[in-house]
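Let me begin by presenting the structure, written as structure tokens, before commenting on it.
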Amino acid sequence: MRRCAVEAAAPAPLVAAASHFLRPGAAGKRLRPALVLLVGTAVAGGGPAPADLEVDTRPPGAPPLGPRRRLQALAEVAETIHVASLLHDDVIDAAATRRGGAAAHVAVGSAKVAVLAGDFLLARASLTLAALRHHGVTALMSRAIADLVSGEVAQATASGEDLVSLASYEHRAYLKTGTLFANAAAGAALLAGGGGGGGGGRGGGVGEEAGASRLPLWAGPDGPAAAAAGWALEGTAGHPPASPAPLSPPDLAAAAAAAASFGASLGLAFQVVDDALDYSSPASLLGKPALADAAGGLVTAPVLLALGAQPELGALARRRFKRAGDPGRAAELVRLGGGVPAARALAARHAADAVAALGRLPPTTDPAAMMARAALAEMAGRVVERVQ
Ligand code: FPP
Ligand code: MG
């Protein structure tokens, strides 16, 4: 793995805020890096050589040396973008705690420094991304950042029927969470498969899942599956050698599209469970405040899935639980309406979609690739079962 992305000649408060969620004990589940590394192995087989397990102490702008180092760099980029989004999110949500400790803006005593630290991390991620010299992967990760911001704004501004529609909620959940999983997974497939990225084309509109208007955002013609498949078919000109056994362009396109679908479905399952946990787990287990979503005006899966049995939830949701007593009443109605088990069942359906996407990866007999595919399937199961 690589050394901390933050080491830099930057002011001490900035380094403190930027590294707040990267330090041991506060580093979280590291799901996104695990996803990138496993997808890479699932596509290309092999795995890390002993030398690849040494800490890479070179600066983030230095080009990664071999195929595994390139995947590790993308894993670092995905986690760095995620942490940047958390720094911003805790300021936006005025959240005091995360991962069992103080939020970064509380720890450094400045919302301004925390937000700027998020920007700083995005810049560090861009530097590492630039060193990969892969336009397709850069495009995918840029798309993920734009989606994260759009999702946060959509969540803050949704109104009327959008607030009580499950499809609109899932769209927002994809933008908030699914996109980073989807685009990072697709990027890992492109890197590991060894093609695409040098031509500078637009990279989009191609792929097994493109073109069907009934498909969800992430699988449609503008989604990451189609974009990644497009980049896979761009050709290899100018691209640094990535894989000892590159896939053919059609296989690479199929692998990238399948990886994007896996990531999107895994991310949705993760977000739906996160929203269920808000209504079912205590703050001591979550490491952040419980019952915070309704109090923060968020209408999530447990509410929407209890709404049929408890129609009173509709009025509460439409006014974003603004009146005194609304959040407590919402929690009670969610309990009576079975919103939490229904949300877990919805998450299980997304996890099953994720596992089905693994079946669309090109066939392999490589033992490491087969093990990685099994581990990805297990990851989908664990995301649904988690309690914290
Ligand atoms: C957590 O959601 C937040 C996110 C999944 C994404 C936040 C995105 C932004 C703030 C946009 C800015 C993005 C970048 C890359 C700087 P939550 O508040 O529902 O969950 P929580 O309980 O974990 O806070
Ligand atoms: Mg939040």
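Counting begins at 1 with the first residue of the sequence. Remember, it's 1-based here, ligands and their atoms both numbered in the order they're listed. Predicted model, so just to flag it, every value in this text is computed and none were measured. These numbers come from the heavy atoms of this one structure, side chains and all, not from hydrogens, waters or symmetry mates.
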Please confirm whether R98 approaches ligand 1 to less than 4.0 Å, judged on its heavy atoms. yes
Ligand 1 N/O within reach of T177 N/O, cut-off under 3.5 Å: no
With a 4.5 Å heavy-atom cut-off, do F21 and L87 have their side chains touching? yes
Is any side-chain heavy atom of M141 closer than 4.5 Å to a side-chain heavy atom of L74? yes
Which one of Q271, E152, Q155 has a non-hydrogen atom at the shortest distance from atom 7 (C) of ligand 1? E152
Atoms of protein origin (N, O or S) under 2.8 Å from the Mg ion (ligand 2): D89 OD2, D93 OD2
Among M370, R68, M371, which residue satisfies the side-chain contact (heavy atoms from CB on, under 4.5 Å) criterion with T41? R68
Got V340 and V334 here, is their nearest side-chain heavy-atom distance under 4.5 Å? yes
Side chain to side chain donor-acceptor pair (under 3.5 Å) partners of Q271, counting only residues at least two apart: T177, D275
Looking only at non-hydrogen atoms, find the nearest pair between V303 and A317 and report the distance. CG1-CB, 4.4 Å
Location of contacts on I92 toward ligand 1, heavy atoms closer than 4.0 Å: side chain
Counting heavy atoms only, which part of L87 comes closer than 4.0 Å to ligand 1: side chain, backbone, both or neither? neither
With a 4.0 Å heavy-atom cut-off (strictly under), which part of K176 contacts ligand 1: side chain, backbone, both or neither? both
Please list, in number order, the atoms of ligand 1 under 4.0 Å from a heavy atom of H88. 10 (C), 12 (C), 16 (C)
Before giving the answer on salt bridge (Lys or Arg N to Asp or Glu O under 4.0 Å), spell out for K176 and D147 the whole-Å C-alpha distance, their side-chain angles and the decisive distance to 0.1 Å. CA-CA 7 Å; K176 259 178 74 173; D147 283 351; over 6 Å; no
Could you list the donor-acceptor pairs under 3.5 angstrom formed between side-chain atoms of residues 322-332 and any protein atom two or more places apart in sequence or on another chain?
residue	atom	partner	partner atom	Å
D326	OD1	R319	NH2	3.0
D326	OD2	R319	NE	2.8
D326	OD2	R319	NH2	3.4
D326	OD2	K322	N	3.3
D326	OD2	R323	N	3.0
R329	NE	E312	OE1	3.4
R329	NE	E312	OE2	2.9
R329	NH2	E312	OE1	2.7
E332	OE1	R335	NE	3.4
E332	OE2	R335	NH2	3.1

Can you tell which of A95, A292, S85 gets a heavy atom nearest to atom 13 (C) of ligand 1? S85
Test of understanding: given a 4.0 Å heavy-atom threshold, classify the contact between L122 and ligand 1 as side chain, backbone, both, or neither. side chain
Hey, are T179 and N183 close enough side-chain-wise for a donor-acceptor pair under 3.5 Å? yes
Here the salt bridge (charged side-chain N to carboxylate O under 4.0 Å, His left out) pairs for residues 148-167, sequence neighbours left out, are E161-R318
